Structure formats: structure tokens, C-alpha cells
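All remarks here apply to the structure that follows.
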2 protein chains.
Amino acid sequence: MIQSVTRALDILEFLKLNPGGLGVTEIAQKLDVAKSTAHRLLASLEEQDYVQKTGKDSIYSLGLKFIEMAEVVTENLKIVDIARPLIEKLSRDTGEIVHLVMLDGNEVLYIDKVENASTIRIYSQIGRRGPLYCTGVGKAILAYLPEDEVDQLLAGVTMQPFTEYTLTTPEELKQEFQTIRANAFAYDNEEHERGIRCVAAPIFDHTQKSRYAISITGPITRMSDDILREYIPWTKETALAISRKMGFNPPKS
Amino acid sequence: MIQSVTRALDILEFLKLNPGGLGVTEIAQKLDVAKSTAHRLLASLEEQDYVQKTGKDSIYSLGLKFIEMAEVVTENLKIVDIARPLIEKLSRDTGEIVHLVMLDGNEVLYIDKVENASTIRIYSQIGRRGPLYCTGVGKAILAYLPEDEVDQLLAGVTMQPFTEYTLTTPEELKQEFQTIRANAFAYDNEEHERGIRCVAAPIFDHTQKSRYAISITGPITRMSDDILREYIPWTKETALAISRKMGFNPPKS
DNA sequence: AATGATGTTCCGTATTAAGGAACGAGATAA
DNA sequence: TTATCTCGTTCCTTAATACGGAACATCATT
């Protein structure tokens with residue numbers, strides 16, 4: 001165990017027990033280290049917002065970073081449970097596979113899947129990862145993310161053409177994002193895999209951010225334009241219902 | 001800035017962006033350090049539950065510790081705002097000073113105060129600290145804490161007698177806790193300061209823990225037994241109302 | 001069975017973080 | 001006001017410590 005890290009984490013523990021905050025000297029005593037050491041540890045923690053210093057008197061207390069981090073942790077625990085019954089219904093109503101995905105690095109991570117018994121088996125699996133730029137779910141998420149974040153996510157990726165329909169430049173993509181935002185759903189027209197189409201809609205959490213999405217996926221033989229038109233509102237409604245349960249408050253329009 | 005601490009916190013940042021988790025090798029690459037270094041950092045973080053390792057495949061992801069920490073942070077932001085209007089009313093109804101306190105280390109920290117204009121000035125101030133064992137608020141909080149936690153808190157304190165009424169042994173205190181729990185409020189009969197009496201009630205949060213309390217404080221000349229009997233239900237009701245707004249679900253009895 | 005990729009452990013070295021002391025800033029008291 | 005404390009911050013030297021490389025173990029893939 002590395003000493004300085006352990007000590008830094010110990011400080012956080014002390015601050016948890018003293019929500020009113022502690023001074024450098026007090027912390028140094030509790031840790032049984034020199035004041036300068038405690039000070040250096042605190043400076044490192046403060047730099048990344050794990051602790052904050054009240055201007056006056058240099059009293060250190062737990063920082064807002066923890067709220068950020070906890071959101072990620074709790075939502076990942078909640079989302080699958082919340083979404084389960086709703087995506088099951090969607091799958092039953094359509095007879096197609098429904099996926100629940102999460103933004104993970106610069107990919108989407110498939111965190112749940114419901115597959116109707118009658119469906120022809122399509123290879124897909126929980127834990128699988130997929131690209132953002134050429135999947136319905138990926139585009140649905142990206143379309144609602146702040147532009148600088150989108151740029152950052154796309155920067156780490158080469159937009160390789162999986163099929164002749166794959167969009168391969170950020171410009172084309174951003175163009176499509178406007179359509180997606182206007183309609184509140186995203187298509188994937190064989191952009192990732194030949195013969196596979198899907199309809200996807202983003203899920204928002206209580207911070208109004210799109211970090212999840214659902215999609216209905218099926219072979220083009222079954223997913224005709226007419227059928228899709230029917231599925232779209234169902235998908236959107238299901239996504240919105242999940243969003244609400246995640247604490248999302250739709251902006252009044 | 002301490003290198004190892006900064007690196008450890010950087011890892012947490014990467015994991016936030018990859019809620020699906022990352023392996024040691026991936027993390028080492030992102031950090032640009034040797035695998036062994038990343039591994040050591042992760043082990044230190046894991047030891048304190050900041051990251052967790054899924055048994056299979058050693059994929060590291062953010063740990064449950066963040067939920068714990070965030071609770072402390074958010075509640076301390078919330079409680080004052082939530083409690084304000086309610087303790088204002090209590091002060092108006094009684095004409096006495098009302099305090100809102102928070103458990104902080106092995107003391108109580110006064111985080112808000114409402115003082116009716118007509119009240120004789122009693123020295124008291126936000127930011128002040130007070131002992132747990134001889135204040136109404138302190139005892140109200142302690143009475144509902146798990147016994148091992150109480151022991152730990154009292155261990156770091158010498159129970160000095162402020163007045164002739166001060167309880168000075170843990171045994172006496174624990175005896176009184178039973179009464180407090182039976183009645184759901186705590187008295188302070190000149191135990192901390194001669195001539196000052198108060199009625200206090202604990203506040204519970206959504207984890208069912210008592211980390212806050214309120215009290216009505218006044219000079220013994222005004223705080224007669226008859227008057228107190230009237231104030232008790234008001235105090236309890238106010239505390240319960242605050243608890244509910246903090247997300248507390250009273251156990252069905 | 002062999003190869004490759006992963007996570008984990010060990011160890012010598014040099015980087016790095018620790019502690020002490022000096023400094024600065026504020027508060028308190030004479 | 002000035003002097004004295006206490007606290008936070010900075011600097012610098014030293015040696016403790018965390019680093020990286022390599023070896024090992026485990027597992028999946030071919």
C-alpha cells in the first residue's frame with residue numbers, strides 16, 4: 001500500500017467524521033505526520049476538488065467532487081433495475097431485441113438486453129461494447145451531449161466505415177445530430193452492420209445529461225419503414241419513462 | 001503536488017469516464033506508468049473502497065465509498081435550507097432561541113440559529129462547538145447512535161462537570177439515553193450552563209441516522225416545567241418534519 | 001500444446017515525498 | 001501600540017519510499 005495515497009484517503013475519512021472541517025494542524029496530529037506533510041496531501045486533494053478550503057482560516061472540508069462521483073456510481077446501480085420492466089414490455093410489444101446501453105469512455109457498453117423468444121437470434125451480448133458514431137444508441141447519446149464533450153469523445157476514435165452507410169466524418173455526424181434532436185430519436189440504417197436496422201432514444205438522468213440509451217434492433221426484412229414509424233413513439237415513450245424514474249425533469253416547452 | 005496521490009485521483013477520473021470499468025493494463029497506459037505502479041495505486045484505492053474489482057477478470061470500477069462520502073457532502077448543503085423555515089416558525093411560536101446542530105467529530109457544531117427579537121440575548125453563535133455529553137442536542141443525537149459509535153465518540157472526551165448537574169460517567173449517560181429514546185426528546189437541565197435549560201430532538205436522514213438535532217434554549221426563569229411540557233411536542237414535530245424532508249422514512253410502529 | 005495477453009509479485013535504484021525549521025499572517029493579550 | 005502565540009505556508013536536505021523493469025502466474029486463443 002502506498003503511503004501517501006493511504007494517508008490522503010485517511011484524511012478524507014477524518015473529514016467525513018468532521019463535516020464542519022478541520023485545520024492543517026489538527027489533521028497532521030490525527031494522522032501523526034508533520035504539518036508540512038499534511039499540507040502537501042491536502043493541496044493534492046484540493047487540486048482535484050476532493051477537499052475544499054474555506055477562504056477564511058483555511059479550514060478544509062470534503063469537496064463537491066464526491067457528488068459527481070457518487071452520481072455515476074448510484075446511477076449505474078439503479079438504471080438496470082429501473083429500466084428492466086419497461087424494456088421488457090417494449091420487447092414484448094415489438095417482438096424485437098431491446099438493448100440498454102451506457103456511455104463508457106468513447107464507446108457504448110451494453111448493460112442489458114431483452115430478447116423475445118420468437119426472434120431470430122442476432123449476436124449480441126451484455127458486456128459487449130460498440131462504437132458511438134455508427135450505432136443508434138451511440139448517436140442518440142452524442143446528439144444530446146455538449147459539443148466540446150462530443151469533440152473530445154470523437155477525437156479518440158477513427159471513424160472506420162463498417163458498411164457503405166457508415167458516416168465517417170464528424171461533420172456528417174453533427175449534421176445528423178440536429179435531425180436527431182428535432183425528432184428525439186436516432187436511426188441506425190445498416191451503418192454498423194449490414195442488414196441490421198434500429199431505432200434508439202436517449203435516456204436522461206436527474207442532471208439532465210444523456211448517458212444511457214435504449215434501442216430496438218432487428219433485421220431489415222422485418223424493420224420496414226412502416227414498421228419503424230410505429231416503433232418510434234413506443235421507443236421514445238419508454239425512454240422518457242425511464243428518464244423520469246431516473247429523476248429527469250423534462251424542460252417545460 | 002504529490003505524484004502518487006495525483007495519479008491515484010487521476011485513476012478515479014478515468015473510472016468515472018468508464019463506468020463499465022477498466023483493467024490494470026489500460027489504466028497504466030492512460031496514466032503512462034508501469035503496470036506495477038498502476039496496480040499498486042489501485043490496490044491502495046481498493047483497500048479503502050474507492051474502487052472495486054469484479055472478481056472475474058480484475059476489472060476495476062468506482063467503489064461504493066463515494067456514495068457514503070457524497071451523502072455527507074450533500075446533506076450538509078441541504079439541511080440548513082430545509083430546516084430554516086421550520087425552525088423560524090418554532091422560534092416565533094415559542095419566543096425562544098432555536099438551534100440547529102450537526103454531529104462533527106466528537107462535538108456538536110452549531111450550523112444555524114434563529115433568535116426572536118424579544119428574547120434576552122444569550123451568548124450563542126453559528127460555528128460554535130459544544131460537547132456531546134451535556135447538551136440537549138448532543139444527547140439527542142447520541143441516544144440514537146449505535147452503541148459502539150457512542151463509545152468511540154465518548155472515548156475521546158473527558159466528561160468534565162460544567163455544573164453540578166452535569167452527568168460525568170458514560171453509565172449515567174447511557175441510562176438517560178433509554179429515557180430519551182422512550183420519549184423521543186432530550187432535556188438539558190442546566191447541565192452545560194447554570195440557568196439555561198433546553199429541549200432537544202434528533203433529526204434523522206434518509207439513512208435513518210441521527211446526525212443533526214434542534215433545540216429550544218432559554219433561561220430557567222422562562223423555561224418552567226409547565227412551559228416545557230408545551231414546547232416538547234412542538235420540538236418533536238418540527239424535528240420530524242425536517243427529518244422527513246431529509247428523506248427519512250419513519251419506521252412503521 | 002503453444003502462444004499471447006492479462007494480472008500479480010518481487011527487487012534494486014533513484015526519485016520523491018517526508019520532516020524539520022524558518023517564514024508569514026492573524027489573533028490575543030498586556 | 002507592541003509582544004507573544006498559534007496557525008498556515010514554504011523551503012530544503014535526507015533517507016525512506018514508490019517507481020519501473022522483469023519474472024511469474026493465470027487464462028484464453030489458436
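These numbers come from a predicted model, not from an experiment. Chain identifiers are assigned alphabetically (A, B, ...) following the order of the sequence lines, protein sequences preceding nucleic acid strands; residue numbering begins at 1 within each chain.
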Residue-phosphate contact under 4.0 Å: A:His39 side-chain N/O, D:dG8 OP1/OP2: no
Contact list for residues 2-22 of chain B, test side-chain hydrogen bond (donor to acceptor under 3.5 Å, both in side chains), sequence neighbours left out: A:Ser4-B:Ser4, A:Gln48-B:Asp10, A:Lys65-B:Glu13, A:Glu68-B:Lys16, B:Glu13-B:Lys16
Pairs flagged by salt bridge (Lys or Arg N to Asp or Glu O under 4.0 Å) wherever residues 30-50 of chain A is involved - sequence neighbours left out: none
Test: B:Glu71 and B:Lys209 ion pair at under 4.0 Å: no
Taking only distance into account, with no hydrogens and no angle test, what donor-acceptor pairs under 3.5 Å do side-chain atoms of residues 130-143 of chain A form with protein atoms, sequence neighbours excluded?
| unit_1 | atom_1 | unit_2 | atom_2 | d |
| --- | --- | --- | --- | --- |
| A:Tyr133 | OH | A:Gln160 | N | 2.9 |
| A:Tyr133 | OH | A:Gln160 | O | 2.7 |
| A:Thr135 | OG1 | A:Pro131 | O | 2.8 |
| A:Thr135 | OG1 | A:Gly138 | N | 3.0 |
| A:Lys139 | NZ | A:Glu176 | OE1 | 3.4 |
| A:Lys139 | NZ | A:Glu176 | OE2 | 2.9 |
| A:Lys139 | NZ | A:Tyr187 | O | 2.9 |
| A:Lys139 | NZ | A:Glu191 | OE1 | 2.8 |
| A:Lys139 | NZ | A:Glu191 | OE2 | 2.9 |

A:Thr207: side chain to side chain donor-acceptor pair (under 3.5 Å) partners, not counting sequence neighbours: A:Asp205
Residues B:Lys53, B:Leu42; criterion side chain to side chain contact (heavy atoms under 4.5 Å, CB included); working and verdict: CA-CA 9 Å; B:Lys53 179 162 63 162; B:Leu42 283 164; over 6 Å; no
Length of the CD1-P vector between B:Ile11 and C:dG7, whole Å: 13 Å
Difference in axis direction between the ends of the helix from C:dA1-D:dT30 to C:dA30-D:dT1, five pairs, 10°: 40°
Aromatic ring pairing A:His99/A:Tyr110, orientation class (parallel under 30°, perpendicular over 60°, tilted between): perpendicular
C:dT6 OP1/OP2 closer than 4.0 Å to side-chain N/O of B:Lys53: no
B:Tyr60 side chain near C:dT6 phosphate (N/O to OP1/OP2, under 4.0 Å): no
Heavy-atom neighbours of A:Gln152 CD exceed 12 at 6.0 Å: no
Nucleotides 10-23 of chain C: protein proximity per nucleotide (B base, S sugar-phosphate only, - neither; heavy atom, under 4.0 Å): B-----SSBBB---
